[in-house]
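Written out below as structure tokens is the structure these notes cover.
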Amino acid sequence: MSDLTSGPDHHDHRHITRIAAPEGVHPGTGYSHVAWGTGRFIAVSGQCAFDEQGRIVGAGDAAAQARQVFENLRRCLAAAGAAFGDVVKLTYFVTDIAHLPAVREARDAVIPADRLPASSAVQVAALIRPELLLEVEAFAVLPAPPVPSPGG
């Protein structure tokens with residue numbers, strides 16, 4: 001697995017607005033209550049802890065699975081020309097809510113504290129394979145490409 005923080009994230013993130021605590025809403029811990037952007041919308045399907053050969057990474061180990069999941073998310077975002085700083089929403093599906101600290105640790109290794117996306121966490125009865133402990137999906141926004149000027 002490559003270093004999750006590797007790869008350039010040279011995007012200008014001014015196209016995304018994040019509000020950690022809107023007026024009258026108690027601040028969340030480790031996420032923004034609201035995030036929006038203008039530009040190209042990217043949806044990344046829920047990623048599980050599969051390596052490139054389809055083998056489960058970290059059976060029974062939430063931290064190892066979370067690291068693999070975020071590596072898979074990084075690769076999917078990169079395929080669309082995006083990076084973690086472009087993410088506006090993460091949804092975590094965990095088989096036990098006790099896995100959330102491991103998920104947050106993996107997330108914090110790749111997403112700066114000033115760019116935390118809106119997030120939801122859901123405990124589920126099961127995932128697609130019994131060895132899987134978590135799945136994470138992402139929504140991102142890239143800046144709209146510049147509109148060519150007439151005649152140019």
Side-chain angles (χ1 to χ4, degrees), residues 1-13 15-21 25-144:
M1 181 171 21
S2 65
D3 176 11
L4 293 178
T5 58
S6 67
D9 183 6
H10 301 298
H11 298 123
D12 178 349
H13 296 283
H15 66 287
I16 298 175
T17 301
R18 294 173 178 87
I19 301 174
V25 177
H26 187 276
T29 302
Y31 63 93
S32 298
H33 276 287
V34 180
W36 73 88
T38 56
R40 187 166 48 103
F41 178 78
I42 298 161
V44 178
S45 291
Q47 295 298 302
C48 294
F50 293 112
D51 68 12
E52 293 176 52
Q53 289 75 39
R55 296 178 301 233
I56 293 176
V57 173
D61 181 345
Q65 288 195 21
R67 288 189 298 272
Q68 182 65 43
V69 164
F70 277 91
E71 172 61 12
N72 292 347
L73 286 169
R74 183 194 66 75
R75 291 174 179 176
C76 290
L77 289 164
F84 282 110
D86 301 305
V87 172
V88 294
K89 175 75 164 80
L90 290 171
T91 304
Y92 311 108
F93 302 95
V94 294
T95 57
D96 186 331
I97 212 75
H99 299 321
L100 278 181
V103 174
R104 288 186 185 128
E105 185 176 328
R107 180 212 55 204
D108 291 349
V110 297
I111 300 179
D114 66 339
R115 294 196 184 132
L116 291 174
S119 299
S120 298
V122 181
Q123 182 171 320
V124 296
L127 293 167
I128 192 77
R129 300 258 306 267
E131 307 93 331
L132 293 171
L133 304 175
L134 60 115
E135 181 175 333
V136 181
E137 68 179 13
F139 298 136
V141 177
L142 281 177

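Put simply, SG on Cys76 and CD on Glu137 are 12.0 Å apart, with the number rounded to the nearest 0.5 Å. Separating the CD atom in Gln65 from the CD atom in Gln68 is a distance of 9.5 Å, to the nearest 0.5 Å. The CD1 atom of Ile111 sits 5.0 Å away from the CG atom of Leu90 when rounded to the nearest 0.5 Å.
Nearest heavy atoms, Ala66 versus Ala102: CB-O, 3.7 Å. The shortest non-hydrogen separation linking Leu77 to Val87 is CD1-CG2, 3.7 Å. When all heavy atoms are compared, the tightest approach of Arg18 to Ala35 is CG-CB, 4.1 Å. Gly58 and Ala64 make their closest contact through CA-CB, 3.8 Å (heavy atoms, listed as atom of the first residue, atom of the second, distance). Closest approach of Leu116 and Tyr31 over heavy atoms only: CD1-N, 3.9 Å.
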Atom pairs and distances, donor-acceptor, side-chain atoms in residues 36-46, under 3.5 Å, two or more places apart:
{"from": "Arg40", "atom 1": "NH1", "to": "Ala80", "atom 2": "O", "distance (Å)": "3.3"}
{"from": "Arg40", "atom 1": "NH2", "to": "Ala80", "atom 2": "O", "distance (Å)": "3.2"}

Which donor-acceptor pairs under 3.5 Å do side chains of residues 122-135 form with protein atoms, sequence neighbours excluded?
{"from": "Gln123", "atom 1": "OE1", "to": "Ile97", "atom 2": "N", "distance (Å)": "3.1"}

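Under the side-chain contact (heavy atoms from CB on, under 4.5 Å) criterion, Ala121 pairs with Tyr92, Leu100, not counting sequence neighbours. Not a single ring pair (Phe, Tyr, Trp, His ring centres under 6.0 Å) links Phe50 to another residue, sequence neighbours left out.
Between Glu71 and Arg67 there is no salt bridge, since none of the side-chain N atoms of the basic residue sits less than 4.0 Å from a carboxylate O of the acidic one.
Within the structure, the side chain to side chain donor-acceptor pair (under 3.5 Å) test picks out no pair touching residues 96-107 (sequence neighbours left out). Listed by first and then second residue, the side chain to side chain donor-acceptor pair (under 3.5 Å) pairs that reach into residues 53-64 are Asp51-Arg55, Gln53-Arg55, sequence neighbours excluded.
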